[in-house]
Amino acid sequence: MPTTAPICAPATPPVPSAVALVRVSGTELATLLAPLLTLPKPRRASLRTLRWEGFQERALVLFFPAPASYTGEDLVEFQVHGNPLLVRRLVERLGILGIRLAEPGEFTRRALLNGKQGLLEAEALRDLVAAETDTQLRLAQARAGGLPSWIQEARQALAPWVARAEAAVDYGEEEGILLNLLDLKTAFEPIRQRFHVEQSRSRAARHIQDGLRLALVGRPNAGKSTLFNALAGEDRAIVTEVPGTTRDVLEVRCEWRGLPLRLFDTAGLRDSVDPVERLGMARVRPVLEGADLVLHLRPTQDPAPDPVLLAALAPFAGKVLEVRTFADLAEAPGVAIAAHRGELDALEVALKDRILGGLAPDACLGALATQRQVDLLDELVRQLDLLADLEPSCPPELPASLLQGAWGLLARLTGEDRAERTLDELFSGFCLGK
Ligand SMILES: Nc1nc2c(ncn2[C@@H]2O[C@H](COP(=O)(O)OP(=O)(O)OP(=O)(O)O)[C@@H](O)[C@H]2O)c(=O)[nH]1
Ligand SMILES: [Mg+2]
């Protein structure tokens with residue numbers, strides 16, 4: 001539950017380091033912190049000696065008075081020596097002064113509630129902190145800039161039509177207020193098209209944000225581990241000419257040609273009496289279930305896929321992509337690679353097509369990317385499509401309810417409706433002190 005009680009938290013991890021940062025946010029901080037220090041001039045880094053219980057810590061202190069601060073409240077930052085014990089003692093001291101430890105994300109939550117930040121920005125911040133690859137980082141940074149212009153424009157365009165449609169429903173017959181559906185559709189067509197573009201951009205961005213789960217399967221010696229190593233850019237899996245080399249499932253996260261991947265190497269699938277190999281094969285199914293895309297590796301020299309393998313892959317037909325390996329030894333149609341030589345261009349094209357819908361990763365910059373955002377965008381597109389399909393003779397209640405629906409969805413998307421549940425979900429993914 002949000003309160004305005006003063007809060008504090010370490011903003012740096014509890015490991016020995018050069019500097020640790022402790023933040024405090026609340027009202028009347030000058031009074032509250034008076035037993036510990038005299039606050040410096042606003043926004044000027046100043047050295048202060050903090051004294052309590054025999055400790056004396058020289059700290060660099062920054063004071064941002066409300067409302068010109070990250071949270072919109074008074075905000076004080078202490079830069080102290082990066083000793084986790086010292087930080088713990090300082091936070092305990094602040095507790096004695098009536099400043100409790102913040103919950104994860106509580107600083108940002110206050111920024112949001114005080115209008116310092118929008119929901120989309122807060123979500124971008126969470127992804128920025130969690131990003132693990134260059135592309136993820138760039139995408140999150142591009143989203144951290146605030147409300148995208150196309151959403152602002154849509155809101156501006158929508159507002160007068162929502163009002164007009166409501167008036168037509170309420171007073172239409174008596175007052176002669178009519179809704180011109182043709183004008184409405186004309187006004188919304190560019191917006192509808194823009195939303196469709198954003199929808200495909202955001203689907204791709206979502207894949208990039210989460211990292212695509214890619215399972216490599218095939219018969220023994222199909223070249224799975226060779227491809228796994230080539231994509232990972234390191235020798236993680238053992239490669240030999242002995243069929244049945246890989247037994248366990250291996251997992252690695254990597255970025256390959258701008259694509260964040262979570263790769264799974266698996267045991268080759270075949271009829272085998274070797275008990276260890278059978279155990280390895282039993283582990284493949286859960287990997288298939290969890291994968292976004294399954295690469296079925298089939299050597300070019302194999303005339304047809306093995307029936308054991310086909311049976312195992314049948315339930316996942318919708319997400320299987322056949323890749324012909326050993327392209328250096330024979331010709332094959334479709335996606336053909338020679339992983340041991342790093343010849344993987346065909347795979348790159350196929351993956352980008354599958355995951356990004358043919359877009360370059362950079363084309364997703366600024367696109368919405370969280371599951372929440374993508375779901376709301378899908379629903380918005382559905383409403384706009386329905387609006388575009390309305391019969392000219394339909395009663396004004398129909399467009400009115402669609403416009404209302406779209407208006408409400410936009411408010412949920414930007415966080416203007418301030419739904420507590422959305423906020424709780426969002427901030428549970430934050431780290432302390434953010
Ligand atoms: N010529 C050629 N050899 C390859 C290619 N890919 C893999 N190999 C070789 O094929 C053999 C088997 O490769 P692996 O990557 O171990 O095959 P795997 O599918 O992981 O095999 P298991 O783990 O036993 O199921 C190794 O000797 C590789 O060097 C390729 O594209 N062309
Ligand atoms: Mg292997």
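- Atoms CG and OG1, from D235 and T226 in turn, are 9.5 Å apart once rounded to the nearest 0.5 Å.
- Remark: I151 CD1 to L158 CG distance equals 12.5 Å, nearest 0.5 Å.
- Note on D378 versus R382: no salt bridge recorded, every NZ/NE/NH1/NH2 to OD/OE distance being 4.0 Å or above.
- Taking the ring axis of F107 as reference, the NZ or CZ atom of R23 stays within 45° of it and closer than 6.0 Å to the ring centre.
- Formation of a donor-acceptor pair under 3.5 Å by the T300 side chain with backbone atoms of A332 is not found in this model.
- Of all heavy-atom pairs between V374 and L368, the closest is CG2-O, 4.5 Å.
- Minimum interatomic distance between T108 and A122 (heavy atoms only, all atoms of both residues): CG2-CB, 3.9 Å.
- Contact of the V61 side chain with the V76 side chain is registered, since non-hydrogen atoms from C-beta on lie closer than 4.5 Å.
- Counting heavy atoms from C-beta on, the side chains of C394 and P399 come closer than 4.5 Å.
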* Might you work through the side chain to side chain donor-acceptor pair (under 3.5 Å) test for Q209 and Q136, ending with a clear yes or no? => CA-CA 6 Å; Q209 198 72 59; Q136 287 171 341; 5.8 Å; no
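- Crowding of E331 atom CD: a count of heavy atoms from other residues, nucleotides or ligands under 6.0 Å not exceeding 12.
- Between E255 and D134 there is a side-chain heavy-atom pair separated by less than 4.5 Å.
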* To do: Apply side-chain contact (heavy atoms from CB on, under 4.5 Å) to the pair L259 and K352, showing each step before the final yes or no.
  => CA-CA 8 Å; L259 296 173; K352 288 192 171 161; 4.0 Å; yes
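- At least one donor-acceptor pair under 3.5 Å links the side chain of R213 to the backbone N or O of G290.
- Residues C8 and V24 come closest through the heavy atom pair CB-CG2, 4.0 Å.
- In this structure, W150 CH2 and R201 CZ are separated by 8.0 Å, a value rounded to the nearest 0.5 Å.
- Taking CG of L288 as the reference point, atom CG of L269 lies at 7.5 Å (rounded to 0.5 Å).
- Considering all non-hydrogen atoms of both residues, A230 and L344 come closest at CB-CD1, 4.0 Å.
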Practice task
May I have the step-by-step check of side chain to side chain donor-acceptor pair (under 3.5 Å) for E189 and Q193, ending in yes or no?
Solution key: CA-CA 6 Å; E189 191 48 26; Q193 285 178 9; 3.0 Å; yes
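- With salt bridges taken as basic N to acidic carboxylate O contacts below 4.0 Å, one links R219 and D302.
- Side-chain atoms of R270 do not come within 3.5 Å of backbone N or O of D306 as any donor-acceptor pair.
- Here the side chains of L119 and R372 are in contact, with some heavy-atom distance below 4.5 Å.
- The main-chain N or O of G26 is found under 3.5 Å from a side-chain atom of E73 such that the two form a donor-acceptor pair.
- In summary, R143 and E121 do not engage in a salt bridge, as defined by a charged side-chain N under 4.0 Å from a carboxylate O.
- In this structure, CG in L214 is found 7.5 Å from CG in L347, a value given to the nearest 0.5 Å.
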The test is side-chain contact (heavy atoms from CB on, under 4.5 Å); show your working for L413 and Q373 and say whether it passes. CA-CA 6 Å; L413 186 60; Q373 296 168 358; 4.1 Å; yes
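- In this structure, I238 and S225 have side chains that are not in contact, with every pair of non-hydrogen atoms separated by 4.5 Å or more.
- The environment of E251 atom CD is dense: over 12 non-hydrogen atoms of other residues, nucleotides or ligands sit within 6.0 angstrom.
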| Can you check side-chain contact (heavy atoms from CB on, under 4.5 Å) on R341 and D328, steps first, answer last? | CA-CA 9 Å; R341 290 208 223 143; D328 52 314; 2.9 Å; yes
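- For the pair V287 and A215, the tightest heavy-atom approach, listed with the atom from each and the gap, is CG1-CB, 3.7 Å.
- Between the side chain of R247 and the backbone N or O of G244, at least one donor-acceptor pair lies under 3.5 Å.
- Distance alone, capped at 3.5 Å, places no donor-acceptor pair between the D74 side chain and the T27 backbone.
- Proximity of E289 to F316: side-chain heavy atoms (C-beta onward) are separated by under 4.5 Å at one or more points.
- Salt-bridge annotation for E106 and R100: present, with a side-chain N of the basic residue lying under 4.0 Å from a carboxylate O of the acidic one.
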> Run the side-chain contact (heavy atoms from CB on, under 4.5 Å) check on V252 and F264 step by step: do they pass?
Replying inline: CA-CA 7 Å; V252 72; F264 297 86; over 6 Å; no
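- By the neighbour-count criterion of 12 heavy atoms within 6.0 Å, atom CZ of R126 is densely surrounded, having more than that number from other residues, nucleotides or ligands.
- Side-chain atoms of K319 come within 3.5 Å of backbone atoms of A291 as a donor-acceptor pair (strictly under, hydrogens ignored).
- With hydrogens and angles ignored, the 3.5 Å screen pairs a side-chain donor or acceptor of S202 with a backbone N or O of Q199.
- Atoms CG and OG1, on L147 and T414 in that order, are 6.5 Å from each other to the nearest 0.5 Å.
- Looking only at side-chain heavy atoms (C-beta outward), V19 and Q79 come within less than 4.5 Å of each other.
- A donor-acceptor pair is defined here as one N or O able to donate and one able to accept, closer than 3.5 Å; no such pair exists between the side chain of K185 and the backbone of N180.
- Nearest approach of T135 to G258, heavy atoms of both residues: OG1-O, 3.2 Å.
- Side-chain contact check for L212 versus R262: every heavy-atom pair is 4.5 Å or farther apart.
- For D345 and R257, the salt-bridge test passes: some basic side-chain N is under 4.0 Å from an acidic carboxylate O.
- Of the possible polar contacts, none joining the K224 side chain to the T246 backbone as a donor-acceptor pair under 3.5 Å is found.
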